[in-house]
Amino acid sequence: MKCKRCKETAVVSLPSHHTGFCADCFLLFFTRQVERGIKERKLFTHDDRILVALSGGKDSLSLMLELSRLGYDVTGLHIDLAIPGSSPAARGVVERFCEKHGLNLIVKEMGAEGLAIPDVKARLNRPVCSACGKIKRYFFNKTALDEKFTVLATGHNLDDEIARLFSNTLRWDVAYLSDQGPDLAADGGFARKVKPLWRLSEFETANYAFLMGIEHHYAPCPYSGGASFTFYKKLWTDLEEEMPGRKLDFYQGFLERGRPVFARADNEDGVDLSGCTRCGYPTSNEVCGVCRIRDALRDKPVGADGAEEAK
Amino acid sequence: MEHTPETIPGERRTFAPRTITVRLQPKEQLLTMPREKTVLQVLRKLGIRPTTAIVVRDGGLLTPDREVLPDDELLIRIVTSSG
């Protein structure tokens, strides 16, 4: 296969775009897709202070590096989940990455917050993934607001977004469908959130990370086995192979024609959020989910709890 | 290259199939398997979709159409994240 632009031997084949690229031309393609994603959805400008959530995986590190190369004002935020084996490795990767590239980094330690994920897991009688996600979103948001960042960016890619959209659609979850997308405005105690990699697949980000020499953490989370999103990604991989380009079409179609309809419906029937009476975090209950997890760790095993602040 | 031992006509020598070595990540499995002609055929043999893994030889990325040579050492890294 030859590179579409320069006719050198291709190193990345992109069936979704009916093309292939050599290393240099692929990196140019990647940069242009990120820039296009930012401009199309007006995600941020060079005046914004951007907090980038860094898990240590290929997506978040690729996002951080590319935004830095494009001249944006970025600072990394790593949440140390205190999972033995996994968390020290992920944190080490993030710290070495930021040091190598001279990038600012903030680390929040869940052990010090009394929210070590193994402890949370031991207390819950349901999968820990939703609680872990809730805790991470809480600290992403809190750090962005506390430290006066104007935008919170995550490394969610097209495959992540498609899996989430598919899940939300299977449940016809109007609240989530009303605001899913690469741009979520600041509102009622939530920081502005963006996903600049929304046009790029996981495969494209992996190739970028390899070609840029990004050392990343690729061991799966020891607690994530059987997550439904993994299954949805597999389904969509099969579909995309038969019908190249369908993922991006489906997602863009949703943003243009689907989300506005669900947003109107949610405006009419949506649940109002107010500040948690303990910490001020937006919630549909009196006490937010993270404060309830803290209670559970202190006092008693957790039963069912709400899922109100998942945005 | 054939995948099963063969006898060359006119000779009595029997040849073992040529093999390749594959390091599979993130499982960190090391496999020795009969050589396939292309990267795509290797991926198919392993049940891996081409857009779910990067394939590396001698530090360089390979597209699915690239030829695989006897005794090649390939790194195949599944890139689909869980969760």
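Order of the sequence lines sets the chain letters (A, B, ...), proteins ahead of strands, with each chain counted from 1. Atom set for the values below is all heavy atoms of this structure, side chains included, hydrogens, waters and symmetry mates excluded.
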(request) Using a cut-off of under 4.5 Å on heavy-atom pairs, state which of B:Lys27, B:Gln25, B:Arg66, B:Glu28 scores highest against chain A. (result)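 Answer, by heavy-atom pair count under 4.5 Å with chain A: B:Gln25.
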(request) Against chain A, work out which of B:Ile78, B:Leu61, B:Val56, B:Ile54 has the most heavy-atom pairs shorter than 4.5 Å and name it. (result)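 Of B:Ile78, B:Leu61, B:Val56, B:Ile54, B:Leu61 has the most heavy-atom pairs under 4.5 Å with chain A.
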(request) Assess whether atom CD of A:Glu215 is packed by more than 12 heavy atoms of other residues, nucleotides or ligands within 6.0 Å. (result)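 Buried by this count: over 12 neighbours within 6.0 Å.
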(request) Answer yes or no: does atom CZ of B:Arg49 have more than 12 heavy-atom neighbours from other residues, nucleotides or ligands under 6.0 Å? (result)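 Yes, because the 6.0 Å sphere around CZ of B:Arg49 holds more than 12 heavy atoms from other groups.
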(message) Using 0.5 Å steps for rounding, measure from the NZ atom of A:Lys234 to the OG1 atom of B:Thr52.
(response)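 Going from the NZ atom of A:Lys234 to the OG1 atom of B:Thr52 covers 10.0 Å.
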(request) Please round to the nearest 0.5 Å and tell me the distance separating atom CG of B:Leu62 and atom CE of A:Met1. (result)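 These two atoms lie 13.0 Å from each other.
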(message) Can you tell me which portion of A:His217 sits under 4.5 Å from chain B's heavy atoms? Options are side chain, backbone, both or neither.
(response)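 For A:His217, no heavy atom lies under 4.5 Å from chain B.
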(request) Below 4.5 Å from any heavy atom of chain B, which atoms of A:Asp238 appear? Answer side chain, backbone, both or neither. (result)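 Both the backbone and the side chain of A:Asp238 come within 4.5 Å of chain B.
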(request) Compare all side-chain heavy atoms of B:Val79 with those of A:Lys58 and state whether any distance is below 4.5 angstrom. (result)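 Yes. Closest side-chain heavy atoms under 4.5 Å.
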(request) Under 4.5 Å, heavy atom to heavy atom: which of residues 8-21 of chain A reach chain B? Give them by number, or say none. (result)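 So the qualifying residues are A:Thr9, A:Ala10, A:Val11, A:Val12, A:Ser13, A:Pro15.
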(message) Between the side chains of A:Glu241 and B:Arg44, is the shortest nitrogen-to-carboxylate-oxygen separation below 4.0 Å, so that they form an ion pair?
(response)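 Yes.
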(request) Against chain A, label B:Val55 side chain, backbone, both or neither, depending on which of its atoms sit under 4.5 Å from a heavy atom there. (result)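 For B:Val55, no heavy atom lies under 4.5 Å from chain A.
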